[in-house]
Chemist: 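Structure provided below as structure tokens; questions to follow.
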Amino acid sequence: MAWSFHFVPLLLLLLLLSSTSASASSGQHSTGNATATATASQMPGRELLKQRRIRALLDRLNKPPLKTIKSPDGDLIDCVPSHLQPAFDHPMLKGQKPLDPPERPRNYNSTIAGALVVQAWHAAGEACPEGTVPLRRTTEQDLLRASSLRRYGRKPTRRTTRRDSTSTGHEHAVGYVNSEKYYGARASVNVWSPSIGDPSEFSLSQIWVISGSFGHDLNTIEAGWQVSPELYGDSNARFFTYWTTDAYQETGCYNHNCRGFVQTTNKIAIGAAITPQSVYNGRQFDINLMIWKDPKHGHWWLELGPGVVVGYWPSGLFTHLAHHARMVQFGGEVVNTRPPGSHTATQMGSGHFPGEGFDRAAYFRNLQVVDWDNSIIRASGLKLLADHPGCYDIQGGFSGHWGTYFYYGGPGRNVKCP
């Protein structure tokens, strides 16, 4: 009889768990993207807890859209009222609305900005209405690929941006300046789709605006293009942003994956694929990026291509960058997890060394910085450095048309990079 006494409460408990799971599923917001939870009551306790955490995170990241656009590459782009985007969940921004873009820095030259940036979702022939911002919807599959739900949308911890540090598994080929106070940066970079050797690795090309020490108080603002199968689920080159105030420990994130970046445009979706991409020995396609600090309010603004101001990082997010940057860095970065015990085969840039030159190697051109007088000037005194030149290298120069420039990248594992 003792066995029967314990069996009835256990059965009631299982029924209660089943009822709770079904209730949570039926009350879920339509943009949560969770799969059916009819079998949730049959999951082990740990799996059930994970599913609940996934649903809660999806509800936090995905905001109610006025309209949803299905991209040909499978992404869902939600047109969300601008005041409902994730940034305005931040206590510092609660109740605010996006600001209007400030004037661009002095000496701004629109002729070097290139063509308008096209993203895959634009091919659907639809646009987000005025007053909304296009946000790439986070799906359950995105979260299931993540190595950690708690750190979803963040770079790995104990990572440093210092170029002479190779023990973290992050390798760089970069040009940088660090002799002045900087209030912005600008450059054009051609877009590729480098091969990724392991799904947990990524390859990116970006601008870093940096201040603080390379310890726990490092502040960075970052923007560029990236291929990351773990984050996005494919090998497309995607426009991305990042920020941190504590050397990638607990603050900051990619794109809109936390409360931070305020988007102002309805034309560009951060995290969406860029089209077209450069072709080896063929047509080259580059994008122009500019980050600059508004002298009036102190916020850091981002422009992509000619005239498209994407949005801003509020100055209140930062400690050191609340004032100015001490370093600006341009270039490529890959993650090397050494999956088979040797160097990764993940490519940087085009996957070819800089010595191959135009049409074959990746490049940054027209490298510029914003000075104390809010003027755009040439990035003079540029220093070039590659962590592992046998794997990924860099070569620079100057010309009348390209200004300060460099070629960079490489194939990763090869005879010079075992």
Side-chain angles (χ1 to χ4, degrees), residues 73-74 141-148 151-174 189-206 208 222 224-240 242 248 254-255 271 273-275 277-281 329-356 360-364 385-395 407-418:
D73 66 353
Q141 288 69 36
D142 292 333
L143 301 186
L144 290 173
R145 286 192 307 271
S147 57
S148 166
R151 292 193 57 82
Y152 173 73
R154 297 180 186 174
K155 292 186 178 181
T157 56
R158 297 185 301 278
R159 174 186 177 276
T160 176
T161 313
R162 183 182 288 276
R163 293 143 308 284
D164 58 5
S165 175
T166 60
S167 61
T168 61
H170 290 248
E171 299 181 13
H172 306 82
V174 298
V189 53
N190 60 344
V191 180
W192 297 86
S193 183
S195 173
I196 307 300
D198 184 271
S200 65
E201 299 176 342
F202 65 68
S203 180
L204 59 78
S205 297
Q206 67 173 43
W208 290 260
E222 309 170 27
W225 63 261
Q226 173 187 45
V227 176
S228 176
E230 181 178 291
L231 189 59
Y232 305 109
D234 58 29
S235 58
N236 292 327
R238 294 171 177 270
F239 173 57
F240 82 97
Y242 201 92
Y248 307 93
Y254 282 112
N255 309 335
I274 301 171
T275 59
Q277 296 161 15
S278 298
V279 177
Y280 182 79
N281 225 9
Q329 184 171 294
F330 312 84
E333 176 186 354
V334 300
V335 171
N336 174 23
T337 61
R338 304 182 70 87
S342 58
H343 194 281
T344 181
T346 288
Q347 300 174 340
M348 179 188 293
S350 69
H352 294 263
F353 285 113
E356 296 193 35
R360 299 173 180 86
Y363 63 77
F364 274 76
L385 196 139
D387 292 334
H388 296 283
C391 308
Y392 316 105
D393 206 358
I394 185 168
Q395 296 177 7
Y407 291 100
Y408 71 101
R413 185 168 66 242
N414 67 88
V415 292
K416 295 181 179 179
C417 177

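Just the heavy atoms: all of them, side chains too, but no hydrogens, waters or symmetry mates, feed the values below.
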Chemist: Would you mind reporting whether Ser203 and Ile196 have side-chain heavy atoms less than 4.5 Å apart?
Modeler: yes

Chemist: Could you tell me whether the side chain of Asn336 and the main chain of Thr344 form a donor-acceptor pair under 3.5 Å?
Modeler: yes

Chemist: With no hydrogens and no angle check, just 3.5 Å: does a side-chain donor-acceptor pair link Tyr152 and Ser147?
Modeler: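 No, no side-chain donor-acceptor contact under 3.5 Å.
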
Chemist: If you compare all heavy atoms of Trp225 against all heavy atoms of Asn190, which two are closest, and at what distance to 0.1 Å?
Modeler: NE1-O, 3.1 Å

Chemist: If you define the side chain from C-beta out and look only at heavy atoms, does anything of Tyr242 sit under 4.5 Å from Tyr248?
Modeler: yes

Chemist: Identify the heavy atoms of Gln206 and Phe364 that sit nearest to each other, and give their distance.
Modeler: O-CZ, 3.5 Å

Chemist: Between the main-chain N or O of Leu204 and the side-chain N or O of Glu333, is there a donor-acceptor pair closer than 3.5 Å?
Modeler: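 The answer is no, because no donor-acceptor pair under 3.5 Å joins these two groups.
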
Chemist: If only atom types and distance count, is the side chain of Ser193 paired as donor or acceptor with the main-chain N or O of Ser235 below 3.5 Å?
Modeler: yes

Chemist: Short question: side chain of Asn414, backbone of Gly390 - any donor-acceptor pair under 3.5 Å?
Modeler: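 Side chain of Asn414 to backbone of Gly390, a donor-acceptor pair under 3.5 Å: yes, one is there.
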
Chemist: Give the ring-plane orientation class for His352 versus Tyr280, where under 30° counts as parallel, over 60° as perpendicular and anything between as tilted.
Modeler: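 Judged by the thresholds at 30° and 60°, the geometry between His352 and Tyr280 is parallel.
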
Chemist: Closest approach of Thr337 and Ser200, non-hydrogen atoms and distance?
Modeler: CG2-OG, 3.8 Å

Chemist: Evaluate side-chain contact (heavy atoms from CB on, under 4.5 Å) for Trp208 paired with Val174, printing each intermediate quantity in order.
Modeler: CA-CA 10 Å; Trp208 290 260; Val174 298; 3.9 Å; yes

Chemist: Could you tell me whether a side-chain N or O of Ser205 sits under 3.5 Å from a main-chain N or O of Gly332, the two making a donor and an acceptor?
Modeler: no

Chemist: Short question: side chain of Asn236, backbone of Arg238 - any donor-acceptor pair under 3.5 Å?
Modeler: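 Answer holds: no.
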
Chemist: For the CD atom of Gln277 and the CH2 atom of Trp192, what is their distance to the nearest 0.5 Å?
Modeler: 10.0 Å

Chemist: Does the distance from a Lys or Arg side-chain N to an Asp or Glu carboxylate O, for Arg338 and Glu201, drop under 4.0 Å?
Modeler: no

Chemist: Does the side chain of Asp73 come under 3.5 Å of the side chain of Tyr232 through a donor N or O and an acceptor N or O?
Modeler: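 Not at all, the side chains of Asp73 and Tyr232 share no donor-acceptor pair under 3.5 Å.
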
Chemist: Test Cys391 against every option in Lys416, His343, Met348 by the side-chain contact (heavy atoms from CB on, under 4.5 Å) rule and name the one that passes.
Modeler: His343

Chemist: Can you give me the closest heavy-atom contact between Gly349 and Pro194, atom names plus distance?
Modeler: O-CB, 3.4 Å

Chemist: Would Tyr254 and Gln226 count as having a side-chain donor-acceptor pair, cut-off 3.5 Å?
Modeler: yes

Chemist: I need the Asp393 CG to Phe353 CZ distance, nearest 0.5 Å.
Modeler: 7.0 Å

Chemist: Between Thr346 and Gly197, is there a donor-acceptor pair closer than 3.5 Å when you use the side chain of the first and the backbone of the second?
Modeler: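 Answer holds: yes.
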
Chemist: Can a donor-acceptor pair be found, under 3.5 Å and without considering hydrogens, that links the side chain of Ser350 to the backbone of Arg360?
Modeler: yes

Chemist: Once you round to the nearest 0.5 Å, how far does OH of Tyr363 lie from CD1 of Ile394?
Modeler: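 Between Tyr363 OH and Ile394 CD1, I get 15.0 Å after rounding to 0.5 Å.
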
Chemist: Is it true that a side-chain atom of Arg413 and a backbone atom of Pro418 form a donor plus acceptor pair closer than 3.5 Å?
Modeler: no

Chemist: Please check: side-chain N/O of Asp387 versus main-chain N/O of His172, any donor-acceptor pairing under 3.5 Å?
Modeler: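 At least one qualifying donor-acceptor pair exists.
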
Chemist: Tell me the closest heavy-atom pair linking Ala237 and Val191, and the distance in Å.
Modeler: CB-CG1, 3.7 Å

Chemist: Kindly state whether the ring of Tyr392 and the ring of Tyr408 have centres lying under 6.0 angstrom apart.
Modeler: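 For Tyr392 and Tyr408, the ring centres are not under 6.0 Å apart.
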
